Amino acid sequence: MMVSSKGRYALRVMLYLAQNDREELIPLKEIAESQNISMKYLEMIVSLLHKGGMLISGRGKKGGYRLARKSSEYTIGSILKLTEKTLAPVNCLEGGKVTCEKAGYCITLPMWQKLDGIIDDYLETVTLEDLLEGRV
């Protein structure tokens, strides 16, 4: 499993918004500058997070973004799955299904499935709040 820059940046954005949790929306420009992410790339990331129901957005002079829920309600797994599409350690497990034609006789498949489960189980137990509080 290799987490892309999109996944890492999405996690940084979510952590920044959690750290700066306030009623008003945080402008995209502020997020971009604080995280050293280009506006164009950040727009794509926040759009994905917004469509995934993780962010509330607003337009106009006081527009920007904020978390849709409390930081304790966001797992790292859910953020990365939204941005990465899969966290599977091998291609044949992508999408939650075994897609390999050799699955019937692959001796390594059970190992990959177990690793996939361990990764998923762990990332689903860690929240934004856990990271902010240093509990990981």
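What you are looking at is a predicted structure, and each value in this text was computed from that prediction instead of being measured. If you read the sequence from its start, that first residue is 1, and numbering goes on from there. When reading the values below, keep in mind they use all heavy atoms of this one structure, side chains included, and skip hydrogens, waters and symmetry mates.
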Handout entry: S34 side-chain N/O to E30 backbone N/O, donor-acceptor pair under 3.5 Å
Key = yes
Handout entry: Close side-chain approach of M14 and L55, heavy atoms under 4.5 Å
Key = yes
Handout entry: Over all atoms of both residues, closest heavy-atom pair of M2 and E84
Key = O-OE1, 3.9 Å
Handout entry: Validation row: I79, L128 side chains within 4.5 angstrom (heavy atoms)
Key = yes
Fill in the blank from the handout: Nearest heavy-atom approach of A68 to G53 is CB-O, 3.6 Å
Handout entry: Same apolar cluster (I L V M F W Y, side chains within < 4.5 Å links), Y65/I26
Key = yes
Handout entry: CD (E101) with more than 12 external heavy atoms under 6.0 Å
Key = no
Exercise for the section: Decide yes or no on side chain to side chain contact (heavy atoms under 4.5 Å, CB included) for T125 and D121, but give the supporting numbers first. Expected result: CA-CA 7 Å; T125 66; D121 290 347; 5.6 Å; no
Exercise for the section: Please determine which of K40, M39, Q35, E33 meets the side-chain contact (heavy atoms from CB on, under 4.5 Å) test together with I37. Expected result: Q35
Problem - hydrophobic_cluster_shared for Y41 and I31, side chain cutoff 4.5 Å - result: yes
Exercise for the section: Return yes when atom OH of Y122 has more than 12 non-hydrogen atoms of other residues, nucleotides or ligands closer than 6.0 Å, and no otherwise. Expected result: no
Problem - Minimal non-hydrogen separation, S57 against H50, with atom names - result: OG-NE2, 3.1 Å
Exercise for the section: State plainly whether one hydrophobic cluster holds both L87 and I118, where clusters connect Ile, Leu, Val, Met, Phe, Trp and Tyr through side-chain heavy atoms under 4.5 angstrom apart. Expected result: no
Fill in the blank from the handout: Exactly one of T75, I76, D120, L123 clears side-chain contact (heavy atoms from CB on, under 4.5 Å) with K81, and that residue is D120
Handout entry: Value rounded to 0.5 Å, distance of NZ in K6 from NZ in K85
Key = 6.0 Å
Handout entry: Distance in Å, K62 NZ paired with L25 CG, rounded so as to fall on 0.5 Å steps
Key = 10.5 Å
Fill in the blank from the handout: dist M54:CE -> R69:CZ (nearest 0.5 Å) comes out at 6.0 Å
Handout entry: Minimum side-chain heavy-atom gap N91-E94 below 4.5 Å
Key = yes
Practice task
Check whether any side-chain heavy atom of V98 lies under 4.5 Å from a side-chain heavy atom of Q113, and answer yes or no.
Solution key: yes
Problem - Nearest-0.5 Å distance that lies between atom CG in L93 and atom CG in L109 - result: 6.0 Å
Exercise for the section: Determine, using the 4.5 Å side-chain heavy-atom cutoff (strictly less than), whether I56 and L49 are members of one ILVMFWY cluster. Expected result: no
Exercise for the section: Check whether any side-chain heavy atom of L67 sits under 4.5 Å from a side-chain heavy atom of E73, and report yes or no. Expected result: no
Handout entry: Atom pair CG/CG of L42 and L28 - distance to nearest 0.5 Å
Key = 4.5 Å
Exercise for the section: Please indicate whether R135 has more than 12 foreign heavy atoms, meaning atoms of other residues, nucleotides or ligands, lying under 6.0 Å from its CZ. Expected result: yes
Problem - NZ on K102 to CD1 on I107, rounded to 0.5 Å - result: 12.0 Å
